[in-house]
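Read the structure below first, then the notes.
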Protein chains: 2
Amino acid sequence: MRSKIDDVPDQCAVEFAMEILGGRWKLAILKQLTAGTLRFGELRRTLPGVTQRMLTRQLRELEEDGLVSRTVYAEVPPRVEYALTEVGHSLDAITEELDKWGHWYRERVRGGAARAAGEEPG
Amino acid sequence: MRSKIDDVPDQCAVEFAMEILGGRWKLAILKQLTAGTLRFGELRRTLPGVTQRMLTRQLRELEEDGLVSRTVYAEVPPRVEYALTEVGHSLDAITEELDKWGHWYRERVRGGAARAAGEEPG
DNA sequence: CAGAATCCTGTACGATACTG
DNA sequence: CAGTATCGTACAGGATTCTG
């Protein structure tokens, strides 16, 4: 999913953004970390669907892209903490809105899709 | 990518949102349509990377999810217009911010990642 | 506890060709 | 023009096991 867009002109920055934020868990991870630092296990517990493998991989990619920082403590048992970098925090508003939208949309479809609109998520 | 989350509790709405908006082109498509109605070919031209097949599929899914409306005109040559529904428009702010972020991030990585932050995208 | 290693599968996505 | 129909592949994502 990375480094496919290089020569693409300016046109669609959303496309480019999705190269970074694509993947099923990325934005969810970022959302969880907006609240603050989390250990690997904690993060895992907040995302019931994700496996360790996927969580590890996505975190590594987010780290590579400079959105997440990874701090390893030389202790036993091991402790690894993840936090948003400054760049990562630049997405706080978006993940927040996405969360609200997801909530709103879920209620909307659960409650019957064809009811009168009027209450927007944002 | 659809209908995997059913029994998942309220916890992570971002995860749920990505079930709807996941896929490489969904959000880019939605962004393009914020400006207004577009024909299939027009839409295709604004997204240089996408194939007809993928564009068709993603549009169908967006239609199923009630984010996009599809209008077929009984003409020859055929004309099909796509537009955001009201629900689709509820994502305008998000796609807009995502676009700005993508732009900002791209400049950031292009210009050298380690420069002093301070100018946020939003 | 936080992972690395290994193996496996579904499907997202793509290229090409054909059609009303 | 706006699709469908086929065929094919890469990789996202998962299950399980092993380790410092």
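Every chain is numbered from 1 and lettered A, B, ... according to where its sequence line falls, protein lines coming before strand lines. These numbers were taken from a predicted model, which means no experiment stands behind them.
Scanning atom types as modelled, no donor and acceptor separated by under 3.5 angstrom connect the side chain of A:R53 and the base of C:dG3.
Per the geometry, CZ belonging to A:R44 stands 11 Å off P belonging to D:dA15, to the nearest Å. If you measure from atom CG of A:L59 to atom P of D:dA12, you get 15 Å, rounded to the nearest angstrom. The CG-C1' distance, from A:L55 to D:dA12, rounds to 15 Å in whole Å. Atom-to-atom, CD of A:E61 to P of D:dC11 comes out at 12 Å; the value is rounded to the nearest Å. As rounded to whole Å, 13 Å separates atom P of D:dG3 from atom OH of B:Y73. We find that CG of B:L47 is positioned 15 Å from C1' of C:dC13, with the value rounded to whole Å. What separates CE of B:M54 from P of D:dT9 is a distance of 18 Å, to the nearest Å. Rounded to a whole Å, the CE atom of A:M18 is 14 Å from the P atom of C:dA12.
Under 4.0 angstrom from either OP1 or OP2 of D:dG3 there lies at least one side-chain N or O belonging to B:R70. Contact annotation: B:Y82 reaches the phosphate of D:dG3 (side-chain N/O to OP1 or OP2, under 4.0 Å). Proximity of A:R57 to the phosphate of C:dA4: no side-chain N or O atom is located under 4.0 Å from OP1 or OP2.
At a threshold of 4.5 Å between non-hydrogen side-chain atoms, the residues A:E61 and A:K26 count as touching.
Residues B:R45 and B:E42 are not paired through a salt bridge, judged by the lack of any N-O separation under 4.0 Å between the basic side chain and the carboxylate.
Side-chain atoms of B:T85 come within 3.5 Å of backbone N or O of B:G66 as a donor-acceptor pair. In this structure, B:E97 contributes its side chain and B:I94 its backbone to no donor-acceptor pair below 3.5 Å.
The side chain of B:Q58 lies closest to C:dC13 when the candidates are C:dG3, C:dC13, D:dT4. The nucleotide whose nearest atom lies closest to any side-chain atom of A:T51 is, among C:dG3, D:dA15, D:dA2, D:dA15. Checking C:dA2, C:dC13, D:dC1 against every side-chain atom of A:R39, the shortest atom distance belongs to C:dA2. Taking the side chain of A:R24 as heavy atoms from C-beta on, and the options C:dA4, C:dC13, D:dG14, the nearest nucleotide is D:dG14.
Toward the 5' end of DNA chain C, the nearer of the two residues A:Q52 and B:G49, judged by each one's closest nucleotide, is A:Q52.
Under 3.5 Å, the side chains of A:S90 and B:W101 contain a donor-acceptor pair of N or O atoms.
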